[in-house]
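Worksheet: one structure, shown below.
Note that this is a predicted model, so its numbers are computed, not measured. All values below were derived from every heavy atom in this structure, side-chain atoms included, with hydrogens, water molecules and symmetry-related copies excluded.
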Amino acid sequence: MKKSKLFLTLGLTLLLSLVLVACGGGSDSKSDDKKGSNSGKASGEQVLNLTESALIPSADSTKADDQVGLNVVNQTNEGLYALNKDGIPAIAGAAEEPKISDDKTVYTIKLREDAKWSNGDPVTANDYVYSWRRAVDPNTAATYSYLFDAIKNGGDIVAGKKKPEELGIKAVDDYTLEVTLSKPTAYINSLFAFPTFFPLNEKFVTEKGEKYAQNSDNMLFNGPFQLKDWTGTNKKWTYVKNDKYWDKDKVKLKQINVQVVQDSGTGLNLYNTDKVDRTVLSADYAAQNKNNKDYVTVNDSSTFYIKFNQKRAGKDTVFANKNIRKAIALAIDKQSYTDTVLKNGSKPANNLVPEGFTFDPGNKEDYTKESGAHLEYDVKEAQKAWKAGLKELGVNEITVEFTSDDTENARKSSEFIQDQLQKNLDGLTVKLKNVPFKVRLQNDQNQDYDFSMSGWGPDYQDPSTFLDLFVTDGAQNRMSYSNKDYDKILNDASVTYAADEQKRWDEMVKAEKILLTDDVAVQPLYQRSTAYLQKDYIKNLQKNPFGPDYTYKETYLTK
């Protein structure tokens, strides 16, 4: 999700989601020959039963901006590139690698002529042109429109300064696409694999109008599976093999049944009665099942953090005060949180950019090591900042509202944070607001919260997928944070040093210190791992290093 991303579901998902926002070389704690490997041949009925952690907010590839929706889009559609089993973007809708101009800004891409939509229509270059123009059109209000800054005129179109028709993409002919970048972009293939860049059948979308993607009957698909039995609000849906898919011979699963399960006890019961083949384990159940032969943990590059909203309903909140933000950031024992609440291998995070995700192009050093640790637990410093903040505000006590999801584990996380803050900061009252995921998304978009638990999974493999979240007026900022120096550093990295890989990297390393240590704009809490029970007959379950969590295209069963 960056979202990335990917805006992560919290609570059960926050801790232990079934379909993790794809990030950073996620790995299985058990050997691959037992969990998710490709050993053996497909046998038995190829029907996989899975759980999801929330309803589908949107299945429109242009508008989907959360973990669940992006995963749906990823199973049912594909773009110019798709991530392979090694997490590398490989040609999919493209027929061959692009021809690239000498200045690395013009890509001429031949499309495969055997790709079809599920209604039999060919997938053409115009489908990409229409989709991308729709994504940058301000009237569409696509959350991930900012990713098109990489495409010529993309940023100006999103800002309303130019027309969508001026985007740097054109159909040379039915199967030749020409894409002009705004500047050399090292991670462009990652964007080509991201759902917002997927094609759309203009005739179909136009005919459906407001009904498009509101349910599975009003959708078209060009990927491995078709979405079925989704009404737009129900808690169950199905993926069925798409016989019109160009690479259908590699698709072994006949059907995937998905149901929303927010309570880990319910998920465990379903697993133990063989009604689902994989289930997320909450902290308590993870501890109880560590010796189960089906137990597995998966590490990823999703970072979870606290957002401090500095302006709500047009008025400054207490979080407009840096010392108040700093006090709360330093007053939470992250190690205790991961040990006693999460209990699933997740580790404390002192950086926004996750560990093991991206590396210096020169010396290959991890970004987190070059950036250094930020906002580590320190009660004395927290209390010092708290007293200073209260004095600056002219008050003796503060009451604030903490927002998170309404699932079992979200409540436990909220209660832990509430206890830590009220225990360590005299005069602070924290009221908890636990709401359904879709409501929390809406509250975030409307900036209708005080401070909240949030998470991000990378959209592409680069520090900017995290750092760009908090540029002034950014689509994912949603908390009124602004720092001109921070903006300049990221702009220089993106524009001035676009062709200088090392200098660009060095600038991005500087940015995190400003965001975290200097401004305390957000407080990183942990880098996620997730515990599951998983049937050993599931093979080739592909976890992606960024973007949507999993790809089921080549998954199969050996029952």
Are the side chain of [X] and the backbone of [Y] linked by a donor-acceptor contact shorter than 3.5 Å?
| X | Y | value |
| --- | --- | --- |
| Asn424 | Ala331 | yes |
| Glu401 | Ser452 | no |
| Trp386 | Asn323 | no |
| Ser53 | Gln262 | no |

Could you walk me through whether Leu390 and Ile398 satisfy the side-chain contact (heavy atoms from CB on, under 4.5 Å) test, starting with their C-alpha distance in whole Å, then the side-chain angles of each, then the deciding distance to 0.1 Å, before giving a yes or no? CA-CA 8 Å; Leu390 291 178; Ile398 290 175; 3.6 Å; yes
Using the rule given for salt bridge (charged side-chain N to carboxylate O under 4.0 Å, His left out), can you reason through Lys488 versus Glu507, listing the C-alpha separation, both sets of side-chain angles and the distance that settles it, and then say yes or no? CA-CA 10 Å; Lys488 184 180 186 303; Glu507 289 299 296; over 6 Å; no
Heavy atoms only: give me the nearest [X]-[Y] pair and the separation to one decimal.
| X | Y | result |
| --- | --- | --- |
| Pro138 | Ile157 | CG-O, 3.3 Å |
| Ser529 | Ser346 | N-OG, 2.8 Å |
| Ser482 | Thr472 | OG-OG1, 2.7 Å |
| Ala150 | Ile188 | CB-CD1, 4.4 Å |
| Ala493 | Met508 | CB-CG, 3.9 Å |
| Leu268 | Thr279 | N-OG1, 4.0 Å |

Can you tell if the side chain of [X] reaches within under 4.5 Å of the side chain of [Y], non-hydrogen atoms only?
| X | Y | answer |
| --- | --- | --- |
| Gln259 | Val261 | yes |
| Leu352 | Phe470 | yes |
| Met479 | Lys307 | yes |
| Val522 | Ile306 | no |
| Asp462 | Arg504 | yes |

Candidate list Ile417, Leu375, Thr338, Thr303, test side-chain contact (heavy atoms from CB on, under 4.5 Å), partner Leu525, passing option: Ile417
Among Thr140, Thr143, Thr196, the one residue meeting side-chain contact (heavy atoms from CB on, under 4.5 Å) with Lys63: Thr140
Tell me, please, whether Tyr532 has Arg278 positioned over its six-membered ring: NZ or CZ under 6.0 Å from the ring centre and within 45 degrees of its axis? yes
Tyr497 ring centre to Lys503 NZ or CZ under 6.0 Å, with the angle to the axis within 45°?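 Yes; both conditions hold, so Lys503 lies above the ring face of Tyr497.
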Test: [X] and [Y] ion pair at under 4.0 Å:
| X | Y | answer |
| --- | --- | --- |
| Glu392 | Lys322 | no |
| Arg411 | Asp406 | no |
| Glu355 | Lys347 | yes |
| Lys510 | Asp506 | no |
| Asp518 | Lys326 | no |
| Lys431 | Asp450 | no |

Would you check, one step at a time, whether the test salt bridge (charged side-chain N to carboxylate O under 4.0 Å, His left out) holds for Asp519 with Arg325? CA-CA 9 Å; Asp519 289 347; Arg325 300 194 301 271; 5.5 Å; no
NZ (Lys369) and CG (Asn351) are apart, to the nearest 0.5 Å, by 12.0 Å
Take Phe402 and Tyr449 through the test ring-ring contact (aromatic ring centres under 6.0 Å, His included) and record every step on the way to the result. CA-CA 8 Å; Phe402 182 70; Tyr449 67 96; 9.8 Å; no
Tell me, yes or no, whether the heavy-atom count around Lys152 atom NZ, taken from other residues, nucleotides or ligands under 6.0 Å, exceeds 12.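 For Lys152, atom NZ is not crowded (no more than 12 foreign heavy atoms under 6.0 Å).
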Would you say the side-chain atoms of Ser58 and Asp60 include a donor-acceptor pair closer than 3.5 Å?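 No pair is found: no donor N or O on one side chain lies under 3.5 Å from an acceptor on the other.
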For Tyr367 and Phe357: C-alpha separation, side-chain torsions, deciding distance, then whether ring-ring contact (aromatic ring centres under 6.0 Å, His included) applies. CA-CA 8 Å; Tyr367 180 93; Phe357 168 60; 9.3 Å; no
Go through it in stages, so that I can follow the logic: the residues are Asp66 and Lys438, the test is salt bridge (charged side-chain N to carboxylate O under 4.0 Å, His left out), and I'd like the CA-CA distance, side-chain angles, deciding distance and then a yes or no. CA-CA 9 Å; Asp66 70 286; Lys438 195 169 185 177; over 6 Å; no
Would you say the rings of [Y] and [X] are close, in the sense that their centroids are separated by under 6.0 Å?
| X | Y | answer |
| --- | --- | --- |
| Phe304 | Tyr526 | yes |
| Tyr337 | Phe416 | yes |
| Tyr460 | Phe194 | no |

